Protein chains: 2
Amino acid sequence: MARSSVVVPTPTLERLSTYLRYLLELERAGVETIRSAEIEEPTGISAAQFRKDLSYFGEFGKPGSGYYVSELRARIATILKLDRDQLVLLVGAGNLGAALAAFPGWAQYHLHIAAVFDNNIAKIGRRLWDWEILDIERLAEVNEKLGAEIGIIAVPAEAAQSVADRLVAAGVRGLLNFAPAGIRPAPGVAVRNVSLVQEMAVLTYHLGERSCNRLPDEEPAEDETEAE
Amino acid sequence: MARSSVVVPTPTLERLSTYLRYLLELERAGVETIRSAEIEEPTGISAAQFRKDLSYFGEFGKPGSGYYVSELRARIATILKLDRDQLVLLVGAGNLGAALAAFPGWAQYHLHIAAVFDNNIAKIGRRLWDWEILDIERLAEVNEKLGAEIGIIAVPAEAAQSVADRLVAAGVRGLLNFAPAGIRPAPGVAVRNVSLVQEMAVLTYHLGERSCNRLPDEEPAEDETEAE
DNA sequence: TAGATTGTTAATCGATTAACAATC
DNA sequence: TAGATTGTTAATCGATTAACAATC
């Protein structure tokens with residue numbers, strides 16, 4: 001009964017893709033149904049959270065028996081618009097761009113790198129895997145044909161904002177930014193930043209902490225062999 | 001007066017690296033002091049949030065005048081343990097591993113890829129940039145010398161958990177996982193997952209939404225040329 | 001000192017968890 | 001029907017924002 005009009009929290013959207021991945025796995029394994037309690041162990045997300053997340057979008061299960069794996073997978077894919085082909089423009093044909101272009105995981109989710117751009121004259125016209133590296137200047141022109149709505153920014157920090165602006169000008173409405181630089185988001189354009197250093201910083205911060213399960217002055221618990 | 005003993009929220013840690021990056025930029029530009037209000041525009045983080053974040057770690061500024069850029073930068077780096085050299089083990093010498101190894105941004109934050117491992121016999125013994133690709137079987141042995149505490153997982157999904165286990169067994173306490181697979185975290189080991197598909201899913205979900213700043217039936221605002 | 005900006009406390013907001021009535 | 005599990009509401013928890021006394 002919830003449906004749309006209430007805005008969906010971003011953490012919910014993030015978890016939706018975790019559910020989707022797990023459901024694809026189950027489907028491949030031939031599992032037909034699951035109960036919400038069964039997603040806890042493999043995904044690390046609580047059953048209550050799972051049901052709450054789904055409740056933003058409608059009803060998906062049968063009280064008493066659970067969810068049909070294929071049906072749920074299909075419906076989550078639809079919610080995330082990953083049930084239809086999505087074209088992606090990749091800007092930056094360096095090492096990271098090359099890795100992203102070659103990433104074998106896209107196709108399963110209907111994501112397709114439609115074109116690769118760079119501003120380096122030494123690279124333009126050469127090939128990156130199966131793509132011809134196109135002049136960044138041709139971005140808008142090329143996307144007039146393609147109509148891609150998603151762009152990946154895999155360029156040095158200095159170039160990130162200008163690339164973002166060009167992508168938006170070319171009609172892109174979602175940006176995935178790998179450059180270590182903040183992107184001023186144009187209104188109505190979604191931005192996701194992936195910051196390698198940020199991820200590392202959270203890890204290094206936690207270094208040297210003692211394992212939280214056993215306090216330094218505590219004796220080992222007796223029931224050590226129990227659970228897991 | 002807050003200091004430690006209160007647990008620091010992860011969003012705060014994530015923002016800390018944003019502050020650090022911006023402060024490094026200011027430092028390079030020769031800026032000596034900033035006020036909290038000045039970080040809003042470039043970082044997109046509110047001044048109140050900035051001060052609140054810092055308050056978890058002590059006092060950093062001078063009421064009335066603001067913060068010394070160099071001092072604040074140094075202290076944030078220390079908090080994140082990015083003021084000292086941090087060795088990192090990279091597992092997976094594929095395209096993504098190659099890009100991560102070559103990433104020019106690590107050094108500035110004292111992060112160093114110390115060794116590269118793979119399980120592919122065709123790759124072992126060959127070079128990846130300046131590194132020799134080592135047999136994954138040698139992980140523990142090699143890290144006995146190195147003592148690295150951070151590991152990057154850049155392998156296919158099927159191998160992710162086993163690589164994680166090996167890294168932990170070799171003494172690693174922080175994992176940065178790029179494999180599209182959930183890692184069951186060992187107790188006391190921090191895990192950060194970077195999921196390309198998840199990032200994309202959040203973007204594709206938002207496709208087709210109308211720009212939130214202007215409702216469909218509203219006229220353009222009069223003061224259009226103002227601000228920015 | 002007067003003006004400005006911090007560090008911190010209190011108020012608000014939002015997300016997660018727990019509990020349970022609805023229902024298969 | 002009885003048992004089980006959903007979808008949803010209410011309670012809890014945590015993070016963000018606002019406001020202001022402390023202080024340079």
Side-chain angles (χ1 to χ4, degrees), chain A residues 1-19 23 26 31-41 43-73 75-76 79 198 202 205 212, chain B residues 1-19 23 26 31-41 43-73 75-76 79 198 202 205 212:
Chain A
M1 215 227 260
R3 293 290 160 191
S4 158
S5 97
V6 166
V7 67
V8 178
T10 300
T12 291
L13 295 176
E14 293 173 350
R15 285 187 296 265
L16 242 33
S17 78
T18 302
Y19 306 145
L23 290 165
L26 289 177
V31 177
E32 293 196 339
T33 66
I34 44 153
R35 283 161 287 126
S36 65
E38 295 177 283
I39 66 106
E40 299 202 323
E41 195 273 328
T43 66
I45 301 165
S46 77
Q49 183 76 83
F50 173 77
R51 296 199 305 275
K52 178 72 170 162
D53 285 340
L54 293 180
S55 75
Y56 287 102
F57 304 100
E59 308 193 350
F60 297 80
K62 272 222 251 291
S65 55
Y67 304 81
Y68 288 106
V69 169
S70 298
E71 191 208 317
L72 184 55
R73 186 231 76 222
R75 291 184 63 186
I76 293 178
I79 290 164
Q198 177 171 305
V202 176
Y205 171 82
C212 294
Chain B
M1 213 229 259
R3 292 287 162 196
S4 157
S5 98
V6 165
V7 67
V8 179
T10 301
T12 291
L13 297 175
E14 293 173 347
R15 285 187 296 265
L16 242 34
S17 77
T18 302
Y19 306 145
L23 290 165
L26 289 177
V31 177
E32 295 195 338
T33 65
I34 44 152
R35 285 161 285 126
S36 65
E38 295 176 283
I39 64 107
E40 299 202 322
E41 195 273 328
T43 66
I45 299 166
S46 77
Q49 183 77 80
F50 174 77
R51 297 199 304 277
K52 177 73 172 160
D53 285 340
L54 293 179
S55 76
Y56 287 102
F57 304 99
E59 306 194 350
F60 296 79
K62 275 222 249 289
S65 55
Y67 305 80
Y68 289 106
V69 170
S70 298
E71 191 208 318
L72 185 55
R73 187 230 74 224
R75 291 184 66 188
I76 293 178
I79 290 165
Q198 176 171 94
V202 176
Y205 172 81
C212 295

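Note: hydrogens, waters and symmetry copies are ignored here, and every other heavy atom, side chains too, is used. Here the structure is a predicted model, which means the values were calculated and not measured.
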Got a donor-acceptor contact below 3.5 angstrom from the [X] side chain to the [Y] backbone?
X	Y	result
A:Gln49	A:Ser46	no
B:Thr12	B:Val8	no
A:Glu40	A:Ala47	yes
B:Arg15	B:Thr10	no
A:Gln198	B:Ser17	no
A:Arg75	A:Glu59	yes

Exercise. Give a yes/no answer on whether the side chain of A:Arg35 brings an N or O atom under 4.0 Å of OP1 or OP2 in D:dT5.
Key: yes
Distance, rounded to the nearest Å, where [X] contributes [atom1] and [N] contributes [atom2]:
X	N	atom1	atom2	answer
A:Arg51	C:dT17	CZ	C1'	11 Å
A:Phe50	D:dT5	CZ	P	14 Å
B:Arg75	C:dT6	CZ	C1'	13 Å
B:Glu40	C:dT5	CD	P	12 Å
B:Tyr68	C:dT6	OH	C1'	14 Å
A:Leu72	D:dT5	CG	P	16 Å

In this structure, OH of B:Tyr19 is separated from CD1 of B:Ile79 (nearest 0.5 Å) by 11.5 Å
One should read off an interatomic distance between B:Ile76 CD1 and B:Leu54 CG, to the nearest 0.5 angstrom, of 5.5 Å
Q | Side chain proximity check, A:Tyr205 to B:Leu16, heavy atoms < 4.5 angstrom | A | no
Could you go over nucleotides 13-16 of chain D and give all protein N or O partners under 3.5 Å, atom names and distances?
| residue | atom | partner | partner atom | Å |
| --- | --- | --- | --- | --- |
| D:dT16 | OP1 | B:Arg15 | NH1 | 2.9 |
| D:dT16 | OP2 | B:Arg15 | NH2 | 2.9 |
| D:dT16 | OP2 | B:Gln49 | NE2 | 3.4 |
| D:dT16 | O5' | B:Gln49 | OE1 | 3.1 |

Dot-bracket assigned to DNA chain C with the 3.5 Å Watson-Crick/G-U criterion, [ ] for crossing and | for other-strand pairs, is ..||||||||||||||||||||||
With 3.5 Å as the limit, what N/O pairs link the protein to nucleotides 22-24 of chain C?
| residue | atom | partner | partner atom | Å |
| --- | --- | --- | --- | --- |
| C:dC24 | O2 | A:Pro63 | O | 3.1 |

Query raised in the report: Has A:Glu71 got more than 12 heavy atoms of other residues, nucleotides or ligands less than 6.0 Å from its CD?
Result: yes
Quick check, are the ring centers of B:Phe60 and B:Phe50 under 6.0 angstrom apart? no
